[in-house]
Amino acid sequence: MALLACPVVALADPVYSMTFLPSGFNATAMNSSGRIVGNTSEGVSVWDGASLINLGLGANSYGYAINGRGDVAGALGSWGYGQPFLYTSEAMHHVGPVLDDVQAGRANGLNDLGQVAGEYATFGGDQHAWVDAHGTITMLGTLSGRVTWAAATAINNRGQIVGGSTYVGADSIYAGHAFLYQDGRMQDLGTLGGEESFATDINDMGQVVGWSYDETGDTVPFLYTGGSMRSLGPLDRYNYVKGEAWAINNAGMVVGWSQLWADERTAFLYMDGKMTDLNQFVEGTDGWQVVEAYDINDAQQILGKACRDGECMSVRLDLVSAVPEPGNYALLTAGLVLLAGWRKTGKRESLRFS
């Protein structure tokens, strides 16, 4: 069965269709089933693929995270900050530390277990990172060991948390490094040669993405995996200004944005060790350009923003079924015919593709 011993399927590049979300809806995050949370002039809302549902929390409510159950986390207050909340089963709960009138915060990350991670700031300017596990609140501290600032941005289903924090040796109290918090300890993930970095997302494998300054001072998207940080780009080595990675799924696919010298910003998709302009994979755009990608789920759906002639809309990109590359299709068909015959002889009861 030499034919079966060979890799018979080579998938072509992904192809996406573009769905425009309702006008006036500023999308922020997407869950595993493609439901999207965001904000309108009437407050935090959820798009379920057919209609936009306002959660009834008031105009000064903002949603930043949504989990697989459809629970939403965010903030109640002006300008996107206030008292962090968790909305679940059509009930609203305050999460994180109870804040007074001179403090403001927000919930940034939410996992499928209902654990929430976020931040709050004091009137004096200090910023604190926290996690709320069903009412048990833990302050994460800082990399510097003293209060200056830290912010938690995402939490995975293993309870690992990422974000950014002031660090020992920083030239400025405002400079920070990306961190990974687990087992009660905050780990400094370092940089790509510059002074600052910041982590934006983590998948269930513990892979972290974000941005870092490199040795030249450029802002570079990074992937932290296997104990080391590496650059994902640049997208165009001769025309590159800066970029950031914003989300990663459990297959290790990363999305974000990259900016070129002409002040043109474009979304990227990183997969199979290569960063590519996301627009190369989108069909039927009618002139719309995906300029930022905010989120990607395990179904490879992508949440982002597309613009045309100065108008911008939130969009969801849905994967069109990938097909084998033409040169391999005949080989695949022949292999399946042989497999069918092999099963009929009783040598193997079942076949599972994985």
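The basis for the numbers below is simple: all heavy atoms, side chains too, and nothing from hydrogens, waters or symmetry mates.
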Could you work out, with side chain to side chain contact (heavy atoms under 4.5 Å, CB included) as the rule, every residue matching Ser51, not counting sequence neighbours? Asp48, Ile53

Other residues, nucleotides and ligands only: do more than 12 of their heavy atoms fall within 6.0 Å of CD on Glu195? no

Asp204 side, atom CG; Arg158 side, atom CZ - distance, nearest 0.5 Å: 8.0 Å

Backbone N or O of [Y] within a donor-acceptor pair of the [X] side chain at under 3.5 Å?
X	Y	value
Asp295	Met30	yes
Asn249	Asp298	no
Thr219	Lys242	no
Thr191	Gly193	yes
Ser17	Val320	no
Thr153	Ala199	yes

May I have the step-by-step check of side chain to side chain contact (heavy atoms under 4.5 Å, CB included) for Val44 and Phe85, ending in yes or no? CA-CA 11 Å; Val44 58; Phe85 75 85; 4.3 Å; yes

Who passes side chain to side chain donor-acceptor pair (under 3.5 Å) against Arg35, sequence neighbours left out?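 In terms of side chain to side chain donor-acceptor pair (under 3.5 Å), with neighbours along the sequence ignored, Arg35 is linked to no residue.
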
Applying side chain to side chain donor-acceptor pair (under 3.5 Å) to Tyr62 and not counting sequence neighbours gives none

Option passing side-chain contact (heavy atoms from CB on, under 4.5 Å) with Phe25 (candidates Val37, Asn39, Ile36, Val46):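 When Val37, Asn39, Ile36, Val46 are each tested with Phe25, the side-chain contact (heavy atoms from CB on, under 4.5 Å) holds only for Ile36.
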
Please determine which of Ile202, Val255, Asn203 meets the side-chain contact (heavy atoms from CB on, under 4.5 Å) test together with Ile248.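 Going through Ile202, Val255, Asn203 one by one, the side-chain contact (heavy atoms from CB on, under 4.5 Å) with Ile248 is satisfied by Asn203 alone.
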
Under 30°, 30 to 60°, or over 60°: which ring-plane class applies to Trp246 and Trp257, parallel, tilted or perpendicular? perpendicular

May I have the step-by-step check of side chain to side chain contact (heavy atoms under 4.5 Å, CB included) for His128 and Thr122, ending in yes or no? CA-CA 8 Å; His128 305 265; Thr122 67; 3.8 Å; yes

Taking NZ, NE, NH1 and NH2 as the nitrogens, is one of them in Arg69 or Asp71 under 4.0 Å from a carboxylate oxygen of the other? yes

Connected-component partners of Leu143 among ILVMFWY, side-chain separation under 4.5 Å: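 Grouped by the 4.5 Å side-chain rule, Val131, Leu140, Ile155, Ile161, Tyr167, Phe179, Tyr181, Met186 form the rest of the cluster around Leu143.
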
May I ask you to list the residues sharing a hydrophobic cluster with Met205, side-chain cutoff 4.5 Å, ordered by chain and number?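 None; Met205 is a cluster of one.
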
With the 4.5 Å side-chain cut-off for hydrophobic clustering, are Val220 and Trp211 part of the same group? no

Thr266-Asn279 side chain donor-acceptor pair, cut-off 3.5 Å: yes

List the atom pairs, with distances to 0.1 Å, where a side-chain N or O of residues 103-113 and a protein N or O form a donor-acceptor pair under 3.5 Å, not counting sequence neighbours.
| unit_1 | atom_1 | unit_2 | atom_2 | d |
| --- | --- | --- | --- | --- |
| Gln103 | OE1 | Asp100 | N | 3.2 |
| Arg106 | NE | Asn108 | OD1 | 2.6 |
| Arg106 | NH2 | Asn108 | OD1 | 3.3 |
| Asn108 | ND2 | Glu119 | OE2 | 2.8 |
| Asn108 | ND2 | Ala152 | O | 2.9 |
| Asn111 | OD1 | Leu113 | N | 3.0 |
| Asn111 | OD1 | Gly114 | N | 3.1 |
| Asn111 | OD1 | Gln115 | N | 2.9 |
| Asn111 | ND2 | Gln115 | OE1 | 2.7 |
| Asn111 | ND2 | Asn156 | O | 2.9 |
| Asp112 | OD1 | Gly68 | N | 2.7 |
| Asp112 | OD2 | Asn157 | ND2 | 3.4 |

Less than 4.5 Å apart, side chain to side chain, heavy atoms only: is that true for Val72 and Ile66? yes

